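The chain is numbered in sequence order, starting from 1. Note that the structure is a prediction, hence the values are computed from the model and not measured.
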Amino acid sequence: MSDDSTGDDPTPDADDRSTGDPPADRHDRETVSEAAAEDVESGGASPTTPRIAGPQKLNVLTIPYQIAQQGVSIAIAIFVFGGGSASALFGSGRSLLAIGAIVAIFLGIAAFVGYFVARYRRFEYELTADTFDIRSGVLSRRNREIPLRRIQNVDISQNVVQRALGIAEVGLETAGGGGTEAQLRYVGVDEAEALQSEISRLSRVAKTEDGETAATDEERFDTVFSITERELGVLALISVDLRIASFLFFGASIFAPSAASMAQPDNWWEYGFGLDSLVGAFLGPLAALGAIAALALVSGVLNAARYYGFTLDRGEDELRYERGLLQKYRGTIPLSKVQTLTLEENVLARALDYAALTIETAGYTPTSGESNGSQSAIPVAERDRVVTLARSLEPFDDSTLERPPKRARLRYGFRYAIGLAVIVALLYAGTAFTDFQLYWYVPLVAAPLVPVAAHYKWKHLGYALGEDHVVTRNGFWVRRQKVVPYHRVQTVFSSQTVFQRRRDLATVTVDTAGSQSITGQDAQAVDIDAETAERIREAVSDELYGALARRRRDGRTRSGAGETGGSSRAGPGSLGDGSGSPGD
């Protein structure tokens with residue numbers, strides 16, 4: 001029994017379907033949840049009363065786990081850097097020094113263990129009606145209060161050892177944070193799931209304007225996506241890191257001279273048909289290609305393992321996902337905080353008619369250890385299936401995407417031709433002024449591909465202004481189609497580079513409150529006509545104010561309906577707290 005047990009306080013599970021609990025546990029938790037709901041309805045407990053009462057401790061297994069985790073690292077460091085000195089000391093015959101060293105080692109171990117015991121005893125967390133409080137610190141105390149309304153995501157992660165021990169790490173992410181705001185290392189799995197569920201419920205209560213909520217019972221979830229074995233195989237294939245192909249150029253720079261030597265007339269008969277020549281000319285390049293293929297295969301398999309067993313469940317106010325083979329993750333995506341939807345397809349995925357869906361929420365959007373600013377709502381599936389789910393979250397229309405003017409395509413052609421010319425010039429200069437034979441003419445074989453590349457670059461650009469959303473599309477190797485609701489727009493601006501001004505082109509950037517805005521991955525309508533760019537900028541600004549006005553009006557209408565006894569809860573097909581499309 002862990003020290004963070006909540007005793008008789010009910011800690012209902014968030015969703016029986018997504019946790020995989022035994023039927024008995026499910027029945028017990030459903031009974032607890034129903035009893036809590038009955039208490040609320042009968043006036044026995046307030047909806048704002050946390051069902052996890054009082055200060056809580058971490059799981060007692062935290063102590064041995066962290067000692068072992070840190071101890072192994074320290075032992076390896078001592079063995080690598082101090083093993084020789086230790087053996088020399090104990091073999092020198094200096095008994096007093098050896099005894100002193102042994103005493104120091106035992107004192108160090110005792111202090112090491114004592115520190116983790118003290119840290120465990122001094123760490124407490126408490127869930128209140130408005131905040132999540134953490135008190136920690138061994139030598140100096142630190143008290144933190146995290147407002148529940150600011151919590152964006154509650155993520156649960158477990159590695160193989162933690163799953164065997166029945167403990168988990170809980171991470172809390174807040175809006176505007178650059179990382180995890182708070183981490184509980186470690187609590188029992190049941191406690192982690194109860195925290196996730198209760199923080200979600202209390203957060204919904206805290207966000208109500210009149211202090212009441214209809215969500216007094218546990219939110220019900222329906223599974224909207226579950227990855228199949230076929231899709232895992234496709235994921236392993238399309239998630240191969242195409243940047244690995246850049247190693248081909250490195251391998252060519254090493255092995256091309258030996259291969260080219262076979263074509264030299266002076267030594268054709270001497271080397272052309274010899275075994276040494278064949279080995280030198282072909283074995284090296286084949287080994288390099290084999291290593292690159294192996295790396296690509298490993299990267300794909302690892303990515304498939306990360307999303308093994310991926311399921312996505314939807315409730316009225318949030319999405320919940322679960323994934324992972326070795327490292328297991330469970331997290332939440334609040335629908336009321338959705339900023340941008342992104343449909344992502346690389347070249348292989350487009351060829352197979354597959355796509356991925358990522359969701360960006362306000363502020364920092366973790367991916368359970370990654371920091372690319374987006375949550376995978378669907379790692380990979382047939383494109384029609386992905387688009388259907390995306391439109392159930394934000395009902396957008398991308399059928400009217402407009403491409404940039406054709407003069408933008410000419411600009412790309414000049415850009416690629418100039419880049420190719422620069423590469424050839426550098427290689428030629430290296431050949432002329434050094435002793436290296438760099439085969440400067442080899443890149444010229446790509447010259448016929450310049451107009452083709454320019455066309456496909458232009459073909460995969462586009463933008464559309466819908467009734468409630470702005471949609472942009474960019475990228476060839478990895479095409480990303482972004483959907484931004486008007487009411488999520490923070491700023492919209494147009495810009496022109498020196499080269500764009502020469503062709504009367506401009507770029508319109510739609511900025512949101514998401515973390516990808518910080519990294520320059522906003523939705524952009526690239527290389528469109530300059531006058532059109534100004535019209536789009538003004539139109540998006542006007543739609544922003546109109547959408548906000550409609551949402552305020554709809555909010556007042558729902559509030560009035562709630563006061564007269566009507567339900568203010570949104571249905572499963574909407575975005576929870578009224579974050580659906582402004583025109584609804």
Could you tell me how the ring of Tyr441 sits relative to the ring of Tyr439: parallel (under 30°), tilted (30 to 60°) or perpendicular (over 60°)?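 Tyr441 vs Tyr439 ring planes: perpendicular.
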Check the angle between the aromatic planes of Tyr456 and Phe476 and answer parallel, tilted or perpendicular using the 30° and 60° thresholds.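 Rings of Tyr456 and Phe476: tilted, 30 to 60°.
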Rounded to the nearest 0.5 Å, what separates atom CD in Glu173 from atom CZ in Arg150?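 If I round to the nearest 0.5 Å, the distance is 16.0 Å.
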Does any part of the side chain of [Y], heavy atoms only, come nearer than 4.5 Å to the side chain of [X], both counted from C-beta?
X      : Y      : result
Val492 : Asp511 : no
Leu165 : Gln162 : no
Ile67  : Phe112 : yes
Arg503 : Pro405 : no
Tyr463 : Asn474 : no
Thr358 : Leu341 : no

Donor + acceptor pair across side chains of Thr340, Lys482 (<3.5 Å):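 The answer is no; no qualifying pair exists.
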Would Glu169 and Gln158 count as having a side-chain donor-acceptor pair, cut-off 3.5 Å?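 Looking only at side-chain atoms, Gln158 and Glu169 do not form any donor-acceptor pair under 3.5 Å.
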Is the side chain of [X] donor-acceptor paired with the backbone N or O of [Y] at a distance under 3.5 Å, no angle test?
X      : Y      : result
Arg488 : Val338 : yes
Trp458 : Pro404 : yes
Ser226 : Thr311 : no
Tyr308 : Gly324 : no

Salt-bridge test for [X] and [Y]: reply yes if a basic N is under 4.0 Å from a carboxylate O, no otherwise.
X      : Y      : value
Arg537 : Glu534 : yes
Asp398 : Arg391 : yes
Asp527 : Arg411 : yes
Arg479 : Glu344 : no
Arg385 : Glu231 : yes

For residues [X] and [Y], report the shortest heavy-atom separation together with the two atoms involved.
X      : Y      : value
Asn153 : Thr332 : ND2-O, 2.6 Å
Pro443 : Leu427 : CG-CD1, 3.6 Å
Pro379 : Ile227 : CG-CD1, 3.9 Å
Ala168 : Ile156 : CB-CG2, 3.7 Å

Is the positively charged end of Arg323 above the ring of Tyr307, judged by distance under 6.0 angstrom from the centroid and angle within 45° of the axis?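 Output yes; distance and angle both within limits.
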Can Arg383 be said to sit on top of Tyr354's aromatic six-ring, NZ or CZ under 6.0 Å from centre and within 45° of the ring axis?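 Not satisfied by the 6.0 Å and 45° rule.
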Thr507 and side-chain hydrogen bond (donor to acceptor under 3.5 Å, both in side chains): which partner among Gln496, Gln500, Gln524?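 One option only clears the test, and that one is Gln500.
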Quick one, Arg409 with His455, criterion side-chain hydrogen bond (donor to acceptor under 3.5 Å, both in side chains). Give me CA distance, side-chain angles, the key distance, then yes/no. CA-CA 6 Å; Arg409 182 170 53 186; His455 172 73; 3.1 Å; yes
